[in-house]
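As structure tokens, the structure follows; a few thoughts come after it.
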Amino acid sequence: MKLEFLFVPTSDLKASLALYRDSLGFTEVWREGDATVALALPGTETQVMLDANDPDAPVGPLFVVDNVQDFHAGRAETLDVVEAPSEIPGGFLATYKDPGGATIYVMDQSTEQGVS
């Protein structure tokens, strides 16, 4: 399990990008269409993922695991399941709440080309 992103939904991608990239000095790493931008945090491998697809989604850490369905099967009773594993481009994503109410996202890249 690796912390890959801090998922930050936004209703104004342009303004959020200006803050993180231009004011805070994060480096743009990649984009997906006009709604998602990932930025590298200085001095770390973790990225901030700004996403305008669902601006009302909760902010939270996004962890990458080898297989979301296996992760889910082993922890469905210990985490509050918000969304069971569902297919996303390149893999699967599940959403949970920890005991304190914080949102945790868990994804894999199991269907990405070249991933076995």
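Being a predicted model, the structure only gives us computed values, none of them experimental. This chain uses plain numbering: 1 for the first residue, then up along the sequence.
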Could you list the donor-acceptor pairs under 3.5 angstrom formed between side-chain atoms of residues 41-48 and any protein atom two or more places apart in sequence or on another chain?
unit_1, atom_1, unit_2, atom_2, d
T44, OG1, T46, N, 3.2
Q47, OE1, W30, NE1, 3.3

Shared hydrophobic cluster for V65 and I88 (ILVMFWY, side-chain gaps under 4.5 Å): no
Validation row: V106, M1 side chains within 4.5 angstrom (heavy atoms): yes
V59 versus T103, closest heavy-atom pair with distance: O-CB, 4.1 Å
Point-to-point distance, once rounded to the nearest 0.5 Å, from CZ of R75 to CD1 of I104: 10.5 Å
Nearest heavy atoms of P9 and A57, plus distance in Å: CG-O, 3.1 Å
Intermediate values then yes/no, side chain to side chain contact (heavy atoms under 4.5 Å, CB included), T78 and Y96: CA-CA 10 Å; T78 59; Y96 305 93; over 6 Å; no
Within residues 5-14 or reaching into it, pairs that qualify as side-chain hydrogen bond (donor to acceptor under 3.5 Å, both in side chains) - sequence neighbours excluded: T10-S16
Residue D22 excluded, over 12 heavy atoms near CG under 6.0 Å: yes
Sequence neighbours excluded - side-chain hydrogen bond (donor to acceptor under 3.5 Å, both in side chains) pairs with any residue from residues 58-71: none
Where at least one partner belongs to residues 93-109, residue pairs that pass salt bridge (charged side-chain N to carboxylate O under 4.0 Å, His left out), sequence neighbours excluded: none
Hydrophobic cluster membership, V37 vs L62, 4.5 Å side-chain cutoff: no
Shortest non-hydrogen contact from V29 toward A40: CG2-N, 3.4 Å
Joint hydrophobic cluster, Y20 plus L17, side-chain heavy atoms closer than 4.5 Å: yes
Value rounded to 0.5 Å, distance of CG in L39 from CG in L50: 5.0 Å
Contact summary for G90 and T111, nearest pair of heavy atoms: C-OG1, 2.8 Å
Atom pair CG/CG of D34 and N53 - distance to nearest 0.5 Å: 10.5 Å
Residues forming a ring-ring contact (aromatic ring centres under 6.0 Å, His included) with Y105, sequence neighbours excluded: F7
Linked, directly or transitively: L6 and V82 (ILVMFWY side chains, under 4.5 Å): no
Cluster overlap V8 with F63, hydrophobic side-chain contacts below 4.5 Å: no
Heavy-atom side-chain proximity of H72 to V81 below 4.5 angstrom: yes
Residues forming a salt bridge (charged side-chain N to carboxylate O under 4.0 Å, His left out) with E28, sequence neighbours excluded: R21, R31
Working for side chain to side chain contact (heavy atoms under 4.5 Å, CB included), residues L24 and L19: CA-CA 6 Å; L24 298 177; L19 170 70; 4.2 Å; yes
